[in-house]
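Worksheet: the structure to be examined is printed underneath.
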Amino acid sequence: MLVAQSDARMHMPFAVTEYTDFYAGKHHATNVGTMFRGAENALPPNWLHIPIGYNGRASSVVVSGTDVRRPWGQLKAPGADLPHLGPSARFDLELELGAVVGLPSAGMVSVAQADAMIFGYVLLNDWSARDIQAWEYQPLGPFQAKATATTVSPWIVTRAALEPFRCNTPAREKELLPHLRDNGPMLYDIDLAVTLAPEGKAASTVAETNYNVMYYSAAQQLAHHTTSGCPMNPGDLLGSGTISGPEKHQRGSLLELSWGGKEPVTLDTGESRTFLEDGDRLTLTGTARGDGFTLGFGECTGRVLPALKDPYAR
């Protein structure tokens, strides 16, 4: 009657219609902004007023267990006069939660309506090539740096199942416009963790945080997405943005954990990492803990394969 997970091959739990990734974690945005622009200009002027996002690639969303190959891209070394084409040397993970849209929209919807449109949530790793991103992201943001793959867990945990774990978003530093204001608890108390296992070796926990640290909820992200009249469809996927807490061990990316490569992360094996190495296996987990029971999200895992020697090889 039962089949062990280890004996089963998991499939995509839904057909991804469109994929939008947000930048809605204040601790993550502050960390990244501090690294690149300094603490006084860490957050862009619009960040405290709208959930910033970009349209990603639905075609490269894959299910947990799928290997991810290190991407090639256009890179520019510090001090170099010209860019070059080569494999990414600063490949990274991003710990996120993905919201799956279950109902369509036509025109602008409120935060409450957006919340009702969300069918459920998945774990999401939005793999990121930081060196490709550093060269390409101005002025229009990430493009090829995040198009390699986005891994999701094979389980969709429904919004109804998460009702007991609702919690409030943090206090607002700037009052939001009425169409984006919370009308109740819109986040969830979900413990999250990331482990990294070098090839053939035991896994080390490199980050532990909680979804309740996010500044904007998925409902606010979805409501904002519709303000231009943009129609949303069943199967649309919204990435929360990297989920990082205020403490160092709560940072949801190696970019933050190693502070741009300046502070290597030491694994339980004695090895260190600034960014991902070939053969590394990343696993994201999530658990909501109730009174005498837990609600699990399963695993969201992927292994880094070496870059192709010939990027045109088929």
Side-chain angles (χ1 to χ4, degrees), residues 14 17-30 43-55 96-124 156-192 209-246 286-291 295 297:
F14 67 105
T17 309
E18 304 280 358
Y19 170 52
T20 304
D21 189 44
F22 284 87
Y23 188 55
K26 185 171 182 288
H27 299 292
H28 171 70
T30 300
L43 293 179
N46 60 354
W47 201 94
L48 294 171
H49 298 275
I50 56 172
I52 297 172
Y54 70 96
N55 288 312
E96 302 192 25
L97 206 65
V100 181
V101 176
L103 293 172
S105 70
M108 187 173 171
V109 302
S110 67
V111 172
Q113 290 170 324
D115 184 55
M117 288 170 57
I118 296 172
F119 174 73
Y121 294 82
V122 293
L123 297 171
L124 186 151
I156 301 177
V157 179
T158 63
R159 179 174 53 85
L162 288 169
E163 285 298 314
F165 306 100
R166 282 188 180 267
C167 57
N168 291 316
T169 47
R172 302 298 172 188
E173 295 186 29
K174 301 284 186 181
E175 187 175 12
L176 296 173
L177 294 180
H179 71 289
L180 285 177
R181 290 176 192 164
D182 302 285
N183 61 344
M186 289 292 173
L187 290 179
Y188 299 100
D189 181 5
I190 303 169
D191 289 328
L192 301 165
T209 187
N210 192 293
Y211 181 61
N212 62 15
V213 300
M214 296 301 288
Y215 195 82
Y216 293 103
S217 68
Q220 288 171 311
Q221 294 167 359
L222 181 53
H224 175 63
H225 212 320
T226 69
T227 54
S228 64
C230 173
M232 305 302 293
N233 296 303
D236 283 352
L237 175 65
L238 307 182
S240 64
T242 304
I243 305 170
S244 295
T287 305
R289 306 181 190 280
D291 185 8
L295 190 156
F297 278 72

Stepwise side-chain contact (heavy atoms from CB on, under 4.5 Å) check, His225 with Asn55: CA-CA 10 Å; His225 212 320; Asn55 288 312; 4.1 Å; yes

For Ala114 against Ala223, the heavy-atom pair lying closest together: CB-N, 3.8 Å

Exercise: identify the closest heavy-atom pair between Ile118 and Ala99: CG2-CB, 4.2 Å

Distance-only polar pair, side chains of His179 and Thr227, donor-acceptor under 3.5 Å: no

Residue pair Ile243, Met214: steps toward the side-chain contact (heavy atoms from CB on, under 4.5 Å) verdict: CA-CA 7 Å; Ile243 305 170; Met214 296 301 288; 3.6 Å; yes

Those residues that, when tested against Arg172, pass salt bridge (charged side-chain N to carboxylate O under 4.0 Å, His left out) (two or more places apart): Asp182

Flag if over 12 foreign heavy atoms under 6.0 Å of CZ, Phe119: no

Any donor-acceptor N/O pair, Ser240 side chain to Glu96 backbone, under 3.5 Å: no

Thr30 backbone acceptor or donor facing Trp47 side chain under 3.5 Å: no

From Phe22 atom CZ to Leu222 atom CG, the distance as rounded to the nearest 0.5 Å: 8.0 Å

Any donor-acceptor pair under 3.5 Å from Glu18 side chain to Asp236 backbone: no

Considering all heavy atoms, the nearest Ala218-Leu238 contact: O-CD1, 4.3 Å

Tyr216 side chain to Ile50 backbone, donor-acceptor under 3.5 Å: yes

Heavy-atom side-chain proximity of Leu124 to Tyr19 below 4.5 angstrom: yes

Thr209 (side chain) donor-acceptor with Ser244 (main chain) under 3.5 angstrom: no

Least distance between heavy atoms, Leu176 atom then His49 atom: CD2-O, 3.7 Å

Side-chain heavy atoms of Met232 within contact of Val109, under 4.5 Å: no

Step-by-step side-chain contact (heavy atoms from CB on, under 4.5 Å) determination, Tyr215 to Glu173: CA-CA 10 Å; Tyr215 195 82; Glu173 295 186 29; 4.2 Å; yes

Separation between CZ of Arg181 and OG of Ser110, rounded to the nearest 0.5 Å: 14.0 Å

Ring-ring centroid check Tyr188 Tyr121, cutoff 6.0 Å: yes

Met117 side chain reached by Thr226 side chain, heavy atoms, under 4.5 Å: no

Set of residues satisfying salt bridge (charged side-chain N to carboxylate O under 4.0 Å, His left out) with respect to Asp189, sequence neighbours excluded: none

Pairwise distance NZ(Lys174) to CG(Leu177) - rounded to 0.5 angstrom: 12.5 Å

Distance in Å, Leu187 CG paired with Tyr211 OH, rounded so as to fall on 0.5 Å steps: 5.5 Å

Interatomic spacing from NE2 in His224 to CG in Leu180 - rounded to 0.5 Å: 7.0 Å

Closest non-hydrogen atom pair, Phe165 against Gly290: CE2-N, 3.6 Å

Polar side-chain atom of Asn210 near backbone of Ile190 as donor-acceptor pair, under 3.5 Å: yes

Test log, rule side-chain contact (heavy atoms from CB on, under 4.5 Å), inputs Leu295 and Phe297: CA-CA 7 Å; Leu295 190 156; Phe297 278 72; 4.2 Å; yes

Nearest-0.5 Å distance that lies between atom CD in Gln221 and atom CD1 in Ile52: 11.5 Å

